[in-house]
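Only a predicted model underlies this, so the values are computations on that prediction, with no experimental measurement involved.
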Amino acid sequence: MTTHTTPHHVFILMGVSGSGKSVVANQVSSELHTAFLDGDFLHPRANIMKMAEGHPLDDNDRQPWLQALNDAAFAMQRTQTISIIVCSALKKRYRDILRQGNQNLKFIYLKGDFNTIESRLKARKGHFFKPQMLVTQFATLEEPGSDEDDVLVVDIDHALDDVVAATVATIQGAVNKD
């Protein structure tokens, strides 16, 4: 007798800074009782030190970090039915690195416009906001196109509870589709 097992899934919540990746992932993870990893925790020490000194990372700096995230996604999909990773994944080549060898990986793009995200960042308590950082994020963003059929989009121009509900529904829809 053959038993059918449901494939395990990893979802990377992506988007610019201020799109709500961490807060949405935290609430979705809690609601779905699943694993959640903030990708920033996997930055190598050299990257952390560079950012702490106020220097932006370049693609060479990001390469070992993206590979560590790829490895984490591989491990998570072997042990968890559903896993969530937070990573901005702003460029297509970053997403391509994350995809390598992870066939059960999908992205959820938390999509919002500049004004919406800027107003949310300004409203954060205890958070120092530099508008130029958001300008840079949007300039770097390569929005997923139709050639990236593993990217699902959630519009963040709604209340947090609605964005969380839409993200849960998107994950459940993707899992049930497979």
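Between E148 and the choices K92, R93, K91, R99, the salt bridge (charged side-chain N to carboxylate O under 4.0 Å, His left out) rule is met once, by R99. Checked options I84, I108, V23; the residue passing with V28 is I84 (criterion: side chain to side chain contact (heavy atoms under 4.5 Å, CB included)).
Looking at heavy atoms from C-beta onward, N26 lies out of side-chain contact with E31 at the 4.5 angstrom threshold. At a threshold of 4.5 Å between non-hydrogen side-chain atoms, the residues V16 and F138 count as touching. The side-chain heavy atoms of Q77 and Q103, taken from C-beta on, include no pair separated by under 4.5 Å. No side-chain heavy atom of T81 sits under 4.5 Å from any side-chain heavy atom of V175. The closest side-chain heavy-atom distance from D40 to V86 is not below 4.5 Å. Side-chain atoms of P144 and M14, non-hydrogen and from C-beta on, do get closer than 4.5 Å to each other. Between L98 and C87 the shortest side-chain heavy-atom distance falls below 4.5 Å.
Here the closest heavy-atom approach between residue A89 and residue F107 is recorded as CB-CE2, 4.2 Å. Shown here for S19 and L110, the closest heavy-atom pair between the two residues is CB-O, 3.7 Å. Shortest non-hydrogen contact noted between W65 and G39 is NE1-O, 2.8 Å. Contact detail for M76 and A35: the closest heavy-atom pair is CE-CB, 3.8 Å. Nearest approach of L121 to G18, heavy atoms of both residues: CD2-CA, 3.6 Å. When all heavy atoms are compared, the tightest approach of Q137 to S17 is OE1-N, 2.7 Å.
Looking at N102, its side chain does come within 3.5 Å of a backbone N or O of N70 through a donor-acceptor pair. Under a 3.5 Å cut-off, the side chain of D61 and the backbone N or O of N47 do not form any donor-acceptor pair. With hydrogens and angles ignored, the 3.5 Å screen pairs no side-chain donor or acceptor of S83 with any backbone N or O of Q80. Using a distance-only test at 3.5 Å, with no hydrogens or angles considered, a donor-acceptor pair links the side chain of T167 to the main chain of V163. Judged by distance alone, the side chain of D157 and the main-chain N or O of G112 form no donor-acceptor pair under 3.5 Å. A donor-acceptor distance shorter than 3.5 angstrom exists from the side chain of K21 to the backbone of G15, with no hydrogens or angles considered. Not a single donor-acceptor pair under 3.5 Å links the side chain of K122 to the backbone N or O of I117.
Side-chain heavy atoms closer than 4.5 Å link hydrophobic residues (I, L, V, M, F, W, Y) into clusters, and following such links, possibly through other members, connects V153 to F114. In the hydrophobic clustering of this structure, I12 does not group with F74; members are Ile, Leu, Val, Met, Phe, Trp, Tyr whose side-chain heavy atoms approach within less than 4.5 Å, directly or through other members. One hydrophobic cluster holds both I171 and L160 under the rule that ILVMFWY side chains link at heavy-atom gaps under 4.5 Å.
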Please walk me through it: do R120 and I156 pass side-chain contact (heavy atoms from CB on, under 4.5 Å)?
CA-CA 11 Å; R120 289 181 182 176; I156 64 161; 3.7 Å; yes
S22 and D38: CA distance, side-chain angles, deciding distance, side-chain contact (heavy atoms from CB on, under 4.5 Å) verdict
CA-CA 7 Å; S22 295; D38 187 329; 3.6 Å; yes
Derivation and outcome, side-chain contact (heavy atoms from CB on, under 4.5 Å), residues L32 and Q172:
CA-CA 9 Å; L32 294 177; Q172 290 173 331; 3.7 Å; yes
Should V135 and M133 be marked as a side-chain contact (heavy atoms from CB on, under 4.5 Å) after you check the CA-CA gap, both sets of side-chain angles, and the distance that decides it?
CA-CA 5 Å; V135 170; M133 288 176 13; over 6 Å; no
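Atom NZ of K106 sits about 7.0 Å away from atom CG of D150, to the nearest 0.5 Å. For the atom pair CD1 (I97) and CG (L69), the distance works out to 10.0 Å, reported to the nearest 0.5 Å.
Q67 and D71 form a side-chain donor-acceptor contact under 3.5 Å, judged by distance and modelled atom types alone. Using modelled atom types, one finds a donor on one side chain and an acceptor on the other under 3.5 Å when comparing D113 with T116.
Salt-bridge formation is not detected for the pair R95/E142: no Lys NZ or Arg NE/NH1/NH2 atom is positioned less than 4.0 Å from an Asp or Glu carboxylate oxygen.
Annotation for M51: atom CE counts as buried by contact number, over 12 foreign heavy atoms lying within 6.0 Å.
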